[in-house]
There are 2 protein chains.
Amino acid sequence: MKIDPDSTVDLSAQIAKAIRDAIIAGDLIVDQRLPSEAELADHFDVSRPTVREALKRLAAQSLIRTQRGATGGAFVNRLRFEDAYAQQVTTSTLLLSMNAVSFDVACEARYALERACAPLSAARRTPDHLATMRAEIHRQGQPGLTDEAFCASDVTFHRALVDGAGNKVLSYQLAGAVEAMQPLMNMITFTARSREAIVALHTDIADAVEARDAAKIDATLVKLEAYTRELAHSVVTARAQKAAEKEHKTA
Amino acid sequence: MKIDPDSTVDLSAQIAKAIRDAIIAGDLIVDQRLPSEAELADHFDVSRPTVREALKRLAAQSLIRTQRGATGGAFVNRLRFEDAYAQQVTTSTLLLSMNAVSFDVACEARYALERACAPLSAARRTPDHLATMRAEIHRQGQPGLTDEAFCASDVTFHRALVDGAGNKVLSYQLAGAVEAMQPLMNMITFTARSREAIVALHTDIADAVEARDAAKIDATLVKLEAYTRELAHSVVTARAQKAAEKEHKTA
DNA sequence: ATACATTTTAATGTCTGACATTTAATCTGG
DNA sequence: CCAGATTAAATGTCAGACATTAAAATGTAT
């Protein structure tokens, strides 16, 4: 592991890269302890604060964890799916909000991915997954539910569908897509009638999952996608109209 | 933005979280300059090194960039899909290697996601995407190609297929799945005969994409998945046999 | 007045050395 | 043999200094 002190790149970034590469290459294995900060500083011929900045970079990516005390130090972290979820969701959310990704594009991606799970979920879902879906459907029918709570329940429902596929990699990939859309979905005000329609489609999906009918799940997801986009469009239209009225009033 | 100095959590982690939350909430917008390190240190009532560790954490997630000089400082970064790709691939690769995700599970996820793109790609692919696919097929037929180069070309081919769907979110999500599998794929030694079979299937896919025949793409991807898994199994079997022989020799 | 060279300045990058805090291992007395 | 005190080693934090960078301000000559 070496760095170039003459490079224009930050030393801490170079050190972080060197250690990261060693982890990816398998030279440092899970739970292995890195040398102490002082030893690393000595090795790379830099000061301790510089080493610490490098370690914090790695910690931000969940590649290492640190422990204080006598037998403490920095350890290579076993990257867990649960840890990766959070980062994936954060990144996806920011990508959507910063890159003016249209609702349609995000929606299309989400349902395309979800439909990819449909046949697997039909084959493998357990009673647990089904119970979660039914419970969320029931919650979604409760009057007095806020839009945010309705959306959160929607996310849980869809994650149960995805988790039913029994493939951790798929669940991980989809967590980003589904949850990242939540802020966009929260912009939609769900009327009693639209909630009723969504709950009906959710019920169809749950029934199809119970019957292990992949084609039916797929078809219903297509319907749900179309309806979601329709709702979003009406929101956009209403907002534009409101803005126009306001404009008219000021003029 | 406040932190709790009595918490057991690192101050730098708390500060990073506070700033990250502000970015996510939109309180800090793209290209906006953060206060200088000295000002942040003053605001949070900590020392400059502590602030710097926090900023390095954010930089590791591409949430900010720093610039030196008179008008320098830390700026909120516009998170680009390209920047996110790299992190996504690193994370996915480590998840697969550290969590003993079986080849079958990863393979299943990859092809499920890819098949989700098939109908969109059939509808939207441009001549460019098609040209890339044809070029990679040609490369894959060249004799003397290393296994690594063959795999790299395979990745490029599949990414062209995915990019053909014309949905950035899908491309982003899939980049992780496809590229993360490359290390696993590199373990497979491709015989002349297996390469021939793969190239034939790739050609079928390219033909179907050209004809905008979604069903045909889907069907061929199913075949390719089955063949890939078959190849992987034979590799595993061969390796187990070799290990058994070695065991026998030592005994 | 303008173009170019120089100086200033404000910021990040880095270093040194110190102290605080945490935690496990070790020592010590009952 | 065990419980408490001590020690040691590591990370966490701080203070202050200097190095480096790059833009802006200033000065100067044409």
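Quick caveat: nothing in here was measured; it's all calculated off a predicted structure. In what follows, chains are A, B, ... by sequence order, proteins preceding strands, each numbered from 1.
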Value in whole Å for how far the P atom of D/dT13 lies from CD of B/Glu37:
16 Å

Rounded distance in Å - CG (A/Asp10) to C1' (D/dT21):
12 Å

Rounded to whole Å, the CG-P distance (A/Leu58 to D/dT11) equals 14 Å

Would you please test A/Val101 and B/Tyr172 for side-chain contact (heavy atoms from CB on, under 4.5 Å) and show each step?
CA-CA 12 Å; A/Val101 170; B/Tyr172 163 71; over 6 Å; no

Touch check for A/Arg65, heavy atoms < 4.0 angstrom, all strands: base, sugar-phosphate only, or nothing?
nothing

Looking at A/Arg229, I want to see if its CZ is surrounded by more than 12 non-hydrogen atoms of other residues, nucleotides or ligands under 6.0 Å.
yes

Could you tell me how far apart B/Arg52 (CZ) and D/dA15 (P) are, to the nearest whole angstrom?
16 Å

Checking only heavy atoms, does the side chain of A/Arg68 share a donor-acceptor pair with the base of C/dT23 at less than 3.5 Å?
no

Among C/dG13, D/dG12, C/dC15, find the nucleotide with the atom closest to the side chain of A/Val46.
C/dC15

Assuming nearest nucleotide by heavy-atom distance, tell me which of A/Pro49 and B/Gly69 is located more 5' along DNA chain D.
A/Pro49

A/His129 and A/Thr126 side chains, donor-acceptor separation under 3.5 Å
yes

Over 12 foreign heavy atoms within 6.0 Å of CG, B/Asp4:
yes

From the list D/dG12, D/dA24, C/dG13, which nucleotide is the closest neighbour of the side chain of A/Arg48?
D/dG12

Tell me: CD of B/Glu39 to P of C/dA10, nearest whole Å?
12 Å

Between C1' on C/dT22 and CD on A/Gln67, what's the gap in Å once rounded to a whole number?
10 Å

From D/dG12, D/dA19, C/dT14, pick the nucleotide closest to the side chain of A/Ser47?
C/dT14

Could you check whether B/Asp154 pairs with B/Arg110 (Lys NZ or Arg NE/NH1/NH2 to Asp/Glu carboxylate O, under 4.0 Å)?
yes

For A/Glu53, is there an ion pair with A/Lys56 - N to carboxylate O distance below 4.0 angstrom?
no

Going by number, which of residues 13-21 of chain A have a non-hydrogen atom under 4.0 Å from DNA chain C?
none

Closest to the 5' end of DNA chain C, once A/Thr50 and A/Thr71 are matched to their nearest nucleotides, is A/Thr50

Answer yes or no: does a side-chain N or O of B/Thr66 lie under 4.0 Å from OP1 or OP2 of C/dG13?
yes

Only one of B/Val89, B/Thr90, B/Leu95, B/Leu96 forms a side chain to side chain contact (heavy atoms under 4.5 Å, CB included) with B/Thr93, so which one is it?
B/Val89

Among D/dT13, C/dA24, C/dA10, the one nearest A/Ala70 by side-chain distance
C/dA24

Could you state the CD1-P distance from B/Ile3 to D/dG12, rounded to the nearest angstrom?
15 Å

For the side chain of B/Ser36, counting heavy atoms from C-beta on, which of C/dA11, D/dC14, C/dT14 is nearest?
C/dA11

To the nearest angstrom, how far is B/Leu11 atom CG from C/dA20 atom P?
16 Å

Flag for B/Gln87-B/Ser62: side-chain donor and acceptor within less than 3.5 Å:
yes

